[in-house]
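If you scroll down you'll find the structure; I have some questions about it.
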Amino acid sequence: MTIQLYNTINQRKEVFTPVRQDEVSMYVCGPTVYNYVHIGNARPVVIFDTLYRLLQRHYPLVKYARNITDVDDKINAAAKANGESIRDLSQRFTTAFHEDMAQLNTLPPTLEPRATDNIDAMIEQIQALIERGHAYVAEGHVLFQVSTDPEYGKLSHRKLDDMIAGASERVEEASYKREPADFVLWKPSTDDLPGWDSPWGRGRPGWHIECSAMINRHLAPTIDIHGGGQDLIFPHHENEIAQGTCCHGGHEQFVRYWMHNGYLNIDGQKMSKSLGNFFTVRELLEQWPGEVIRYALLTAHYRKPLDWTGDLLASAKASLDRLYGALRDGPTEVDPSLTHPRLEELEAHLADDLATPQALSVLHALAGDINKTEGEPRLALQQVLRNAGNALGLLLQTADHWFKWQPAGTQSGPSAEEVEALIAERAAAKQARDFARADAIRAQLKNQGVTLQDSREGTRWTRD
RNA sequence: GGCGCGGUAGCAGAGUGGUUAUGCAGCGGACUGCAACUCCGUUUACGCCGGUUCGAUUCCGACCCGCGCCUCCA
């Protein structure tokens with residue numbers, strides 16, 4: 001089965017072939033750790049986790065690197081505002097990021113380089129750029145001279161002249177810049193700011209250099225896939241290409257496939273800090289299982305915008321209820337050696353530029369198959385659905401655990417023991433044909449967010 | 001000014017030159033003491049105007065509307 005991926009740089013779907021046989025290298029831009037991550041940050045993490053899972057099924061070795069940006073002016077400002085050391089603050093939010101992403105069933109990447117551990121690699125790359133005439137030193141800064149790169153703009157498909165013409169008033173004018181489009185590779189630090197010794201004095205790196213330097217050090221001069229949000233296409237990834245190719249003399253390709261996920265909107269509006277219309281993953285996890293959030297993020301194709309609403313989450317929850325309903329009393333483990341036409345169908349969807357909405361529809365087709373089947377064949381299909389879910393990072397828990405999940409934010413519902421006691425009381429009432437009493441108990445529990453389901457095997461219960 | 005994206009049923013969201021996406025919601029039926037779950041059936045679609053075609057939601061062109069980026073951003 002061939003994998004096809006949409007490549008931003010060529011603006012079309014292409015057959016994926018890694019530069020090295022049997023090995024794939026992938027780099028995804030990770031968070032700047034100055035706050036809890038918001039749902040918009042979570043989208044690429046979940047998307048590229050799904051791609052990582054797909055690639056792992058097709059290649060023996062997948063090196064997936066996702067960086068932690070722990071040197072940044074936003075971090076400096078947040079630490080100052082909190083009266084916290086920069087190191088403590090960035091460590092605290094790195095840990096929180098790991099916890100939140102684990103709740104979304106994302107696998108840890110193979111490598112997670114931190115910017116502050118790779119300053120020397122950045123300095124090396126900057127020196128190479130200076131030696132090759134692509135960068136210059138001015139007033140303690142080092143700047144990349146954009147006009148020295150004839151290829152500049154090839155990812156974002158814009159011409160340098162157009163950019164300047166349209167945005168001249170927005171481009172930062174600075175006395176130390178030769179040309180307005182030049183961007184900072186290194187900047188001086190005052191004593192109260194984080195800084196490292198360098199040939200240009202004590203300072204800190206510009207934003208773009210960390211990714212290209214860490215790719216070069218931890219992966220290879222040419223990697224297969226580089227991912228991130230569409231907002232990173234320009235300037236971040238455009239500048240990475242400039243750095244990553246010019247430091248080698250412009251001969252080597254930096255990245256073969258550029259992949260960018262669409263924006264996440266909130267109730268139809270652009271999510272922005274200034275509008276205050278954003279949710280942290282952490283606060284969403286107080287009300288919804290992480291799996292619901294992951295499912296919601298996968299309902300739209302990754303390149304399309306996704307509108308984040310309460311309805312979206314409620315609908316994702318209902319869809320997962322249906323899937324877990326089909327998995328009750330079935331096997332919970334995953335059997336990687338299993339084959340089935342539905343699994344091939346699912347894999348074909350994912351291999352087609354990560355068509356997750358169609359992949360999800362295969363899960364529902366399987367649920368329908370299961371609900372119409374009895375006995376051994378039913379168990380076999382449940383096993384297939386487990387495998388299918390696993391491919392998407394879904395359906396990893398027991399159905400029982402799923403249906404009895406309670407939001408961390410509210411502990412108002414009855415305990416499991418209380419529910420069981422009422423179910424026993426209701427069973428006795430039913431036995432005595434006292435349906436009024438039985439219905440009253442059911443209504444009372446419904447009122448408390450617990451739904452009862454009678455079956456031949458007895459009464460099951462689920463939390464809403 | 002430049003570059004790019006989108007408009008599909010009540011909602012979300014795929015896809016296709018003619019034939020069921022899927023989920024949620026709604027309606028009818030089966031099951032049930034009544035429900036819930038599940039199953040069966042079913043109602044609402046492809047922004048507007050032209051063109052190509054036997055046939056267009058799909059291809060082409062124009063138009064309308066909405067959105068994003070253009071050096072903080074996932």
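Values in this document were obtained by computation on a predicted structure and should not be read as measured data. Values below: all heavy atoms of this structure, side chains included; hydrogens, waters and symmetry mates excluded. Naming: A, B, ... by sequence-line order, numbering from 1 per chain.
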| field | Pair His237(A) and His260(A), ring centroids less than 6.0 Å apart | value | yes
| field | Nucleotide nearest Ala181(A) (side chain, heavy atoms from C-beta), chosen from A14(B), G23(B), U71(B) | value | U71(B)
| said: Roughly how many Å apart are C46(B) and A9(B), using the P atom of each and rounding to a whole number? | reply: 8 Å
| field | Toward the 5' end of RNA chain B, by each residue's nearest nucleotide, Ser315(A) or Lys304(A) | value |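 This one resolves to Lys304(A).
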| message | Closest approach to the side chain of Arg158(A), judged atom by atom: which nucleotide of A14(B), C11(B), G2(B) is it? | response | G2(B)
| query | When you compare A12(B) with G6(B), how far apart are their C1' atoms, in angstrom units rounded to a whole number? | reply | 16 Å
| message | Say we look at U53(B) and C60(B): how far apart would their C1' atoms be, to the nearest angstrom? | response | 12 Å
| task | Using the ring of Phe48(A) (Phe, Tyr or Trp, six-membered ring only), decide whether Arg66(A) places NZ or CZ under 6.0 Å from its centre and within 45 degrees of its axis. | result | no
| How would you label the contact of His260(A) with the nucleic acid (heavy atoms, under 4.0 Å): base, sugar-phosphate, or nothing? | nothing
| field | Residue Tyr263(A), side-chain atoms from C-beta onward, closest of A14(B), G68(B), A12(B) | value |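 Among A14(B), G68(B), A12(B), the one nearest the side chain of Tyr263(A) is G68(B).
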| message | Expressed as a whole number of angstroms, how long is the span from Leu264(A):CG to G6(B):P? | response |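 Rounded to the whole Å, the gap is 18 Å.
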| remark: The contact string for nucleotides 30-39 of chain B, one letter per nucleotide 5' to 3', using protein heavy atoms under 4.0 Å with B, S and - for base, sugar-phosphate only and none, comes out as ---BBBBSSS
| request: Figure out the CD1/P separation between Ile233(A) and C69(B), and round it to whole Å. | output: 12 Å
| Could you state the NE2-C1' distance from His236(A) to A74(B), rounded to the nearest angstrom? | 11 Å
| If you find the nucleotide of RNA chain B closest to Asp182(A) and the one closest to Pro44(A), which residue's nucleotide is nearer the 5' end? | Asp182(A)
| field | Side chain of His157(A) (C-beta onward), nearest among G13(B), A74(B), C3(B) | value | C3(B)
| So is Arg12(A) actually on top of Tyr6(A)'s ring, under 6.0 Å and inside 45° of the axis? |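 Here Arg12(A) fails the 6.0 Å and 45° test against Tyr6(A).
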| So what does Lys74(A) hit on the nucleic acid, given a heavy-atom distance under 4.0 Å: a base, only sugar-phosphate, or nothing? |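 Since only primed, P, OP1 and OP2 atoms lie under 4.0 Å of Lys74(A), the category is sugar-phosphate.
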| said: What is the distance, to the nearest angstrom, from the CG atom on Leu360(A) to the P atom on G23(B)? | reply: 11 Å
| request: Sticking with atom P, work out how far G23(B) lies from A14(B), rounded to a whole angstrom. | output: 16 Å
| Dot-bracket for RNA chain B, 5' to 3', with Watson-Crick and G-U pairs under 3.5 Å, [ ] for crossing pairs and | for other-strand pairs: what is it? | (((((((..(((.....[...))).(((((.......)))))....(.(((..]....))).))))))))....
| request: Compute the ring centroids of Phe279(A) and His38(A), then answer whether they are less than 6.0 Å apart. | output: no
| query | For the pair made of OH in Tyr302(A) and P in A14(B), what is the distance, rounded to whole Å? | reply |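 Going from Tyr302(A) (OH) to A14(B) (P), I get 13 Å.
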| request: Inspect the contact between Glu238(A) and Lys154(A) and indicate whether a charged nitrogen and a carboxylate oxygen are less than 4.0 angstrom apart. | output: no
| Does NZ or CZ of Arg426(A) fall inside the cone over Phe435(A)'s six-membered ring, less than 6.0 Å from its centre and within 45° of the axis? | no
| said: Work out how far the C1' atom of C54(B) is from that of G66(B), and round it to whole angstrom. | reply: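 Comparing C1' positions in C54(B) and G66(B) gives a spacing of 36 Å.
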| query | Taking side chain as C-beta onward, heavy atoms only, is Ile39(A) less than 4.5 Å from Phe278(A)? | reply | no
| field | Lys/Arg cation over aromatic Trp461(A): Lys404(A), 6.0 Å, 45° cone | value |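 Yes.
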| task | Quickly work out the Phe234(A) CZ to G68(B) P distance and round it to whole Å. | result |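 Between P of G68(B) and CZ of Phe234(A): 18 Å.
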| Taking atom C1' in both C63(B) and G7(B), what distance in whole Å separates the two? | 14 Å
| query | To the nearest angstrom, how far is Leu298(A) atom CG from A14(B) atom C1'? | reply |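 Result: 14 Å.
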| remark: Per atom distances to the Asp311(A) side chain, the nearest of G23(B), A14(B), C11(B) is C11(B)
| field | Centroid separation Phe93(A) to Tyr36(A) less than 6.0 Å | value | yes
| said: Can you check the distance between U57(B) and G47(B), where both ends of the measurement are the P atom (answer in whole Å)? | reply: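 It works out to 9 Å between them.
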| said: What verdict does the side chain to side chain donor-acceptor pair (under 3.5 Å) test give for Tyr152(A) and Asn239(A), after you've listed the backbone C-alpha separation in whole Å, the side-chain angles of each residue and the deciding distance to 0.1 Å? | reply: CA-CA 8 Å; Tyr152(A) 193 80; Asn239(A) 291 355; 2.4 Å; yes
| Base, sugar-phosphate alone, or nothing: which one does Gln11(A) contact when heavy atoms must sit under 4.0 Å apart? |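 Touches sugar-phosphate only.
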| query | Between atom CE in Met271(A) and atom P in C69(B), what is the gap in whole Å? | reply |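 After rounding, the gap between these two atoms is 12 Å.
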| query | Which value, in whole Å, describes the distance between the C1' atoms of nucleotides C27(B) and C69(B)? | reply | 45 Å
